Colleague: 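This is the structure, below, for whatever I ask next.
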Amino acid sequence: MAVGGVGRGGGKGRAGGVKGASGAAGASGASFGGKVDKAESLVGPSGLVGSSNVQGPQAADPIAAQALAIARRLKNGGFKSKEEATKALVSEVLQEKLHMKSDALTGRIAGALQDDPRLNQVLERLWSKAE
């Protein structure tokens, strides 16, 4: 079988094949020069200037805000253990992102998070961020 594709005319030396950067796209790209000002690199697709975490995680991401709330409840004794707080966090993520509630899935995910040393370390950092 040919590399260029059968029936598409993409073989070597045939019309309609893949062309290199010397084609029309390469000519228009060369006029740009590839330079971007620092200020222009901060502007997102909406035209607004991006900033990192200006309003805090509560305004930026509802899951991050909920995670901090769970961490505070854990610190204040609202949960019996870190495992229970982890299950609550997983349940919130499943509900917010996937619009589903499953105790079995929540338990399996929470168990996997606690069994993985790297992810368990992330959870420990989250639980220590409680104010």
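Only a predicted model underlies this, so the values are computations on that prediction, with no experimental measurement involved. Numbers here are sequence positions counted from 1.
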Colleague: Is a side-chain donor or acceptor of Asp116 paired with a backbone partner of Arg118 at a separation under 3.5 angstrom?
Modeller: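 Yes; judged by distance alone, with no hydrogens or angles, the pair exists.
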Colleague: State, with a plain yes or no, whether a side-chain heavy atom of Leu113 is found less than 4.5 Å away from one of Leu123.
Modeller: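 SC-SC contact between Leu113 and Leu123 confirmed.
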Colleague: Which side chain to side chain donor-acceptor pair (under 3.5 Å) pairs, counting each pair once, include a residue from residues 96-110, with sequence neighbours left out?
Modeller: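 Qualifying pairs, neighbours excluded: none.
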Colleague: Search all heavy atoms of Trp127 against all heavy atoms of Ala67 and return the closest pair with its distance.
Modeller: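 Result for this residue pair: CZ3-O, 4.4 Å.
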Colleague: Kindly compute the distance separating CZ (Arg73) from CD (Glu84), expressed to the nearest 0.5 Å.
Modeller: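 Nearest 0.5 Å value for the CZ-CD distance: 8.5 Å.
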Colleague: Report yes if some heavy atom in the side chain of Leu126 is under 4.5 Å from a heavy atom in the side chain of Ile70; otherwise report no.
Modeller: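 No, every pair of side-chain atoms sits at 4.5 Å or beyond.
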Colleague: Can you list the residues that meet the salt bridge (Lys or Arg N to Asp or Glu O under 4.0 Å) rule with Glu124, with sequence neighbours excluded?
Modeller: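 For Glu124 the salt bridge (Lys or Arg N to Asp or Glu O under 4.0 Å) partners, ignoring immediate neighbours, are Lys82.
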Colleague: Restricting to side chain to side chain donor-acceptor pair (under 3.5 Å), what partner residues turn up for Gln114, sequence neighbours left out?
Modeller: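 Side chain to side chain donor-acceptor pair (under 3.5 Å) check on Gln114 returns Thr86.
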Colleague: Do Met100 and Leu105 have side chains that approach each other closer than 4.5 Å (heavy atoms only, starting at C-beta)?
Modeller: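 Yes, close enough: below the 4.5 Å cut-off.
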Colleague: Please find the pair of heavy atoms, one from Ala130 and one from Ala71, that lie closest to each other, and give the distance.
Modeller: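 The answer is CB-O, 3.3 Å.
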Colleague: Nearest 0.5 angstrom please: Leu89 CG to Ile63 CD1, how far?
Modeller: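 Here the rounded value is 8.5 Å.
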